[in-house]
Trainee: 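Shown below is the structure under consideration.
Since we're looking at a predicted model, the values are computed, not measured.
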Amino acid sequence: MSSIILLFLCLIIGVLLRRVPAFPATSPIVLNQFIIYISLPALALYAIPEVELDRSVLLPVGVAWICFAGAAAFFYTLGRIYGWSKKLVGCLILTAGLGNTSFVGFPIIEALYGKEGLQTAILVDLPGTFVVVSTLGIALAAYFSKGQADVKAITQKILTFPPFLTFVLAFALNVADLRFPDELKEVFNRLGSTVTPLALVSVGMQLRIERRSKHWRFLGLGLLYQLILAPAIIYVLYVLALGERGRVVQISILEAGMAPMITASIVAISYGLKPRLASMMVGFGIPLSFLTLAIWYLLIRAL
């Protein structure tokens, strides 16, 4: 419950800090850069070396990749039909295609399924969502921000993205069965724990409710995909097509329907992909997701 309170409190703090002169308009940019260069790399170094790699990880790991591919197909097709700008399409793919499988997902899954469920949620997040945003997410942001494909530039963006570099290092340590000392792990844990409050404060500082905003229709489409269509896709593939059942499948479906990923929103904002819409996706998606997740849980708990 404390994690859920933290989510709303940090959003409110961010909204209030917009009125404080000591926090200039560039404050969200500074917060975002700290998250990308410090908080996320620390989180990767803390958690990824501890993940157990075996065949059982395939279903939860596949959630983020499948949902991101579905979002790319869905919004790219709509963009071509209705003549949307590349920045709009890129923003919707990034923010609707990646769920908040950790900062919103972890406390919810732990509350519903206990510590065992949390182990599955970590598999959805780290080898799945985290890797997707660090590779395909950065590539997509670089492409749609410029409007043209520059393979060299996109590759450079990925290879110089701090969370991706630390993921590669952490994965190598996992494969080599090497671990950091407990003292260093505690340091990484504390630095990584700054992601949630800093990211939500940043989002809150950029969140503006404009009744006549042109983004409302796109916000609705983005949340429709993230909260309804994405978990429905996982349900159809895992339950109806593959015939899978059990706790792992239930958690995979719920994680697919989490609110939009904060990090993906930060990436979209950093690349100039409709920053206000990206902030709205997180700001409105988080509270609305509690309702939709409750409905999904009631529908799948008998699996």
Trainee: Between Val133 and Met261, is there a side-chain heavy-atom distance shorter than 4.5 Å?
Mentor: yes
Trainee: Tell me, yes or no, whether the heavy-atom count around Arg190 atom CZ, taken from other residues, nucleotides or ligands under 6.0 Å, exceeds 12.
Mentor: no
Trainee: With heavy-atom distances below 4.5 Å as the criterion, would you say the side chains of Trp296 and Leu227 are in contact?
Mentor: no
Trainee: I'd like to know whether Thr95 forms a side chain to side chain donor-acceptor pair (under 3.5 Å) with Ser265, so could you lay out the CA-CA distance, the side-chain angles of the two residues, the decisive distance to 0.1 Å, and finally the verdict.
Mentor: CA-CA 6 Å; Thr95 56; Ser265 172; over 6 Å; no
Trainee: About how many Å separate NZ of Lys86 and SG of Cys91, when rounded to the nearest 0.5 Å?
Mentor: 15.0 Å
Trainee: With a 4.5 Å cut-off on side-chain heavy atoms, are Met205 and Leu31 touching?
Mentor: yes
Trainee: Could you go through Gln250 and Tyr113, starting from their C-alpha distance and side-chain angles, then the distance that decides it, and tell me whether this counts as side chain to side chain donor-acceptor pair (under 3.5 Å)?
Mentor: CA-CA 10 Å; Gln250 293 179 30; Tyr113 297 96; 2.8 Å; yes
Trainee: Give the minimum heavy-atom separation between Val89 and Gly79, together with the two atoms involved.
Mentor: CG2-CA, 3.9 Å
Trainee: Between CD of Gln226 and CG of Asn100, what distance do you get to the nearest 0.5 Å?
Mentor: 9.0 Å
Trainee: Under the criterion side-chain contact (heavy atoms from CB on, under 4.5 Å), I'd like the reasoning laid out for Ile108 against Phe290: C-alpha separation, chi angles, the key distance, then a yes or no.
Mentor: CA-CA 9 Å; Ile108 290 177; Phe290 291 112; 3.7 Å; yes
Trainee: I'd like to know if the side chain of Arg18 reaches the main chain of Gly204, judged simply by a donor and an acceptor atom lying under 3.5 Å from each other, with no hydrogens or angles considered.
Mentor: yes
Trainee: Could you tell me whether the side chain of Leu45 reaches within less than 4.5 Å of the side chain of Phe167, counting heavy atoms only?
Mentor: no
Trainee: Could you check whether any side-chain heavy atom of Phe23 comes within less than 4.5 Å of a side-chain heavy atom of Val20, counting everything from C-beta outward?
Mentor: yes
Trainee: Are the side chains of Ile233 and Tyr225 in contact, using a 4.5 Å heavy-atom criterion?
Mentor: yes
Trainee: Going by atom types alone, do Ser270 and Asn32 pair a side-chain donor with an acceptor below 3.5 Å?
Mentor: no
Trainee: How long is the straight-line distance from NE2 of His215 back to CG of Leu92, given to the nearest 0.5 Å?
Mentor: 10.0 Å
Trainee: Identify whether Leu159 and Leu40 are in the same connected component of the hydrophobic contact network (ILVMFWY, side-chain heavy atoms under 4.5 Å).
Mentor: yes
Trainee: Nearest 0.5 Å, please: how far is CD1 in Ile38 from OG1 in Thr166?
Mentor: 10.5 Å
Trainee: Would you call the rings of Phe180 and Phe188 parallel, tilted or perpendicular, taking 30° and 60° as the class edges?
Mentor: perpendicular
Trainee: Please check this pair: side chain of Thr26 against backbone of Ile29, looking for a donor-acceptor N/O pair closer than 3.5 Å.
Mentor: no
Trainee: For Ile66 and Leu237, run side-chain contact (heavy atoms from CB on, under 4.5 Å): C-alpha distance rounded to whole Å, both residues' side-chain angles, the deciding distance at 0.1 Å, then the answer.
Mentor: CA-CA 10 Å; Ile66 293 168; Leu237 289 177; 3.7 Å; yes
Trainee: Would you say Ser252's side chain and Val248's backbone share a donor-acceptor pair under 3.5 angstrom?
Mentor: yes
Trainee: Are there more than 12 heavy atoms of other residues, nucleotides or ligands under 6.0 Å from atom CD of Glu186?
Mentor: yes
Trainee: Please assess Leu273 against Ser145 for the test side-chain contact (heavy atoms from CB on, under 4.5 Å), listing each intermediate value before the final yes or no.
Mentor: CA-CA 6 Å; Leu273 301 179; Ser145 65; 4.1 Å; yes
Trainee: Return the minimal non-hydrogen interatomic distance between Ser39 and Leu198, and the atom names on each side.
Mentor: OG-CD1, 4.4 Å
Trainee: Out of curiosity, Leu293 CG to Leu298 CG, how far, rounded to the nearest 0.5 Å?
Mentor: 11.0 Å
Trainee: With rounding to the nearest 0.5 angstrom, report the CG to CG distance, Asn189 to Leu43.
Mentor: 8.5 Å
Trainee: May I have the step-by-step check of side-chain contact (heavy atoms from CB on, under 4.5 Å) for Lys87 and Phe144, ending in yes or no?
Mentor: CA-CA 6 Å; Lys87 289 188 176 183; Phe144 281 101; 5.9 Å; no
Trainee: How far apart are the closest heavy atoms of Leu191 and Ala42, and which atoms are they?
Mentor: CB-CB, 3.5 Å
Trainee: Count the heavy atoms belonging to other residues, nucleotides or ligands that lie under 6.0 Å from OH of Tyr297, then report whether that count exceeds 12.
Mentor: yes
Trainee: How far apart are the closest heavy atoms of Ile36 and Pro162, and which atoms are they?
Mentor: O-CB, 3.5 Å
Trainee: Met258 pairs by side chain to side chain contact (heavy atoms under 4.5 Å, CB included) with which of Val124, Leu98, Ile109, Val63?
Mentor: Ile109
Trainee: Quick one, Ser27 and Leu17 - any side-chain contact, counting heavy atoms below 4.5 Å?
Mentor: no
Trainee: Do Tyr235 and Val249 come close enough that some side-chain heavy atom pair is under 4.5 Å?
Mentor: no
Trainee: What do you reckon, is CZ of Phe74 surrounded by more than 12 foreign heavy atoms closer than 6.0 Å?
Mentor: yes
Trainee: Is Leu288 reachable from Ile253 through a run of hydrophobic residues whose side-chain heavy atoms are each under 4.5 Å from the next?
Mentor: yes
Trainee: With a 4.5 Å cut-off on side-chain heavy-atom distances among I, L, V, M, F, W and Y, is there a chain of contacts connecting Ile269 to Ile286?
Mentor: no
Trainee: Students often mix this up, so state it plainly: with edges at 30° and 60°, are the rings of Trp216 and Phe284 parallel, tilted or perpendicular?
Mentor: perpendicular
Trainee: Just do the ring pair (Phe, Tyr, Trp, His ring centres under 6.0 Å) check on Phe164 and Phe130 with the steps written out, would you?
Mentor: CA-CA 9 Å; Phe164 176 74; Phe130 188 84; 9.4 Å; no
Trainee: Quick check: closest heavy atoms across Trp65 and Pro127, and the distance to 0.1 Å?
Mentor: NE1-O, 3.6 Å
Trainee: For residues Tyr271 and Tyr37: do they belong to one hydrophobic cluster (side chain heavy atoms under 4.5 Å, members Ile, Leu, Val, Met, Phe, Trp, Tyr)?
Mentor: yes
Trainee: Is Ile35 reachable from Leu165 through a run of hydrophobic residues whose side-chain heavy atoms are each under 4.5 Å from the next?
Mentor: no
Trainee: Tell me the closest heavy-atom pair linking Pro49 and Asn174, and the distance in Å.
Mentor: O-ND2, 3.4 Å
